[in-house]
Protein chains: 2
Amino acid sequence: MTVTVAAGESREAISSQELAVWRMLQRAQVRITRVLEADLLVEHDLALASYDVLTQLSESPDRRLRMNDLADRVLLSRSGLTRLVDRLQRDGLVEREACASDARGLFAVLTDDGAVRLAEATPTYLRGVRAQFLDILDAGELRQCAAMLNKLFPAPADEELPA
Amino acid sequence: MTVTVAAGESREAISSQELAVWRMLQRAQVRITRVLEADLLVEHDLALASYDVLTQLSESPDRRLRMNDLADRVLLSRSGLTRLVDRLQRDGLVEREACASDARGLFAVLTDDGAVRLAEATPTYLRGVRAQFLDILDAGELRQCAAMLNKLFPAPADEELPA
DNA sequence: GCTGTGTAGATGCGCGTGCAACGTTCTAAG
DNA sequence: CTTAGAACGTTGCACGCGCATCTACACAGC
């Protein structure tokens with residue numbers, strides 16, 4: 001298997017092995033994410049994105065976060081988050097609350113029902129992450145993985161992984 | 001930061017650091033994929049999924065693949081692939097061709113135009129993979145990464161990465 | 001006070017996706 | 001030959017997403 005590149009476009013050739021690593025990473029990630037999402041959907045009727053939102057809120061002071069901040073943490077566009085919170089609100093898992101200091105701003109607040117739902121779903125989520133990911137790697141590999149991720153992902157500074 | 005788990009549901013607690021590795025992996029992957037897709041879209045008006053299809057076809061004997069096999073390699077549902085190939089065919093990058101030995105089957109075949117388009121887009125793609133991923137890691141890390149992926153992804157046997 | 005620039009969220013729209021159901025064809029059992 | 005079941009691919013449908021746009025508000029400068 002060789003990689004053909006239009007002449008003179010890339011400074012340095014990429015070996016097919018390097019490319020294969022990248023491709024495999026993509027596949028592994030997609031596969032794991034799908035299993036995780038399917039499990040959450042079947043057992044708790046909760047999409048992965050919804051689970052992420054609930055998690056982020058539950059870990060924030062007063063269980064609340066500005067829509068904007070929330071969008072950043074959940075890797076969703078602003079509009080995407082608006083609709084997702086719409087749905088979560090419809091299901092009673094989240095409330096919207098005005099921001100006193102800035103009339104433009106809205107807080108998304110985790111409700112008690114939301115907290116319960118999250119607590120119910122979390123074992124499923126963690127079991128999935130274990131089975132698909134953590135259990136397969138040993139402690140050393142996990143450390144290596146963390147080190148690589150710190151290089152790959154210019155973190156928002158407040159969340160650096162210890163080597 | 002501590003992870004709260006409903007009592008007695010998971011055999012063994014997951015440390016917050018382990019969980020953080022997983023979360024970061026998700027984010028890094030999403031971020032890289034988005035940049036890659038955006039680049040391809042801007043420079044060549046080609047979605048990442050389309051690029052993957054063209055690539056798979058170009059690497060297959062006679063530049064053709066059965067729809068089913070193609071769907072597996074591209075990580076897309078059958079229906080998703082049907083529509084995607086519809087679009088690629090509309091744009092003249094791919095043709096559908098009947099299968100002689102099995103009247104149910106269809107081949108997706110890369111056209112010359114498709115090959116050209118792929119060749120044009122490939123430098124962009126490779127540059128992106130380099131910039132977002134390969135250049136950031138050194139050779140040793142890449143080897144570690146490959147080793148982990150081989151454990152994580154039960155590959156179709158024909159595509160194992162060398163340690 | 002007004003005005004201009006920037007920011008926080010919400011909305012219209014089009015697109016791509018997966019699921020379930022369907023028609024067609026292949027294969028095996030009787 | 002006939003019939004049951006499985007496999008291949010397509011289609012109807014609903015949903016979730018991102019982009020561009022819009023409104024409401026904030027904060028500067030005059």
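So you know, we letter chains A, B, ... as the sequences are listed, proteins then strands, and number each from 1.
A distance-only check finds a donor-acceptor pair linking the side chain of B:T111 to the backbone of B:G92 [under 3.5 Å]. A donor-acceptor contact shorter than 3.5 Å links the side chain of A:R117 to the backbone of A:H44. No donor-acceptor distance shorter than 3.5 angstrom exists from the side chain of A:R63 to the backbone of A:L54, with no hydrogens or angles considered.
B:T55 and B:Y125 share no donor-acceptor pair across their side chains, judged by distance under 3.5 Å alone. Judged purely by distance below 3.5 Å, without hydrogens or angles, the side chains of B:T33 and B:Q29 pair a donor atom with an acceptor atom.
Per the geometry, CG belonging to A:L106 stands 18 Å off P belonging to D:dT23, to the nearest Å. Atoms CG (B:D69) and P (D:dC8) sit 8 Å apart, rounded to a whole Å. The CG-C1' distance, from A:L48 to C:dG18, rounds to 16 Å in whole Å. In this entry the distance linking CE of A:M67 with C1' of D:dA24 reads 15 Å, nearest Å.
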Margin query: Does the protein touch nucleotides 11-21 of chain D at the base, only the backbone, or not at all? Give it as B, S and - per nucleotide, heavy atoms under 4.0 Å.
Written below: BBB--SSBB--
What nitrogen or oxygen pairs link the protein and nucleotides 24-26 of chain C at under 3.5 Å?
residue, atom, partner, partner atom, Å
C:dC26, OP1, B:A103, N, 3.0

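Ion pairing between B:D72 and B:R78 holds under the 4.0 Å rule for side-chain N and carboxylate O. Classification of B:R23 and A:E59 as a salt-bridged pair holds, one side-chain N sitting under 4.0 Å from a carboxylate O.
Sequence neighbours left out, the pairs with a member in residues 93-103 of chain A that pass side chain to side chain donor-acceptor pair (under 3.5 Å) are A:R64-A:E97, A:D86-A:R96, A:Q89-A:R96, A:D102-A:R104.
Taking only side-chain nitrogens and oxygens, A:N68 never comes nearer than 4.0 Å to OP1 or OP2 of C:dT7.
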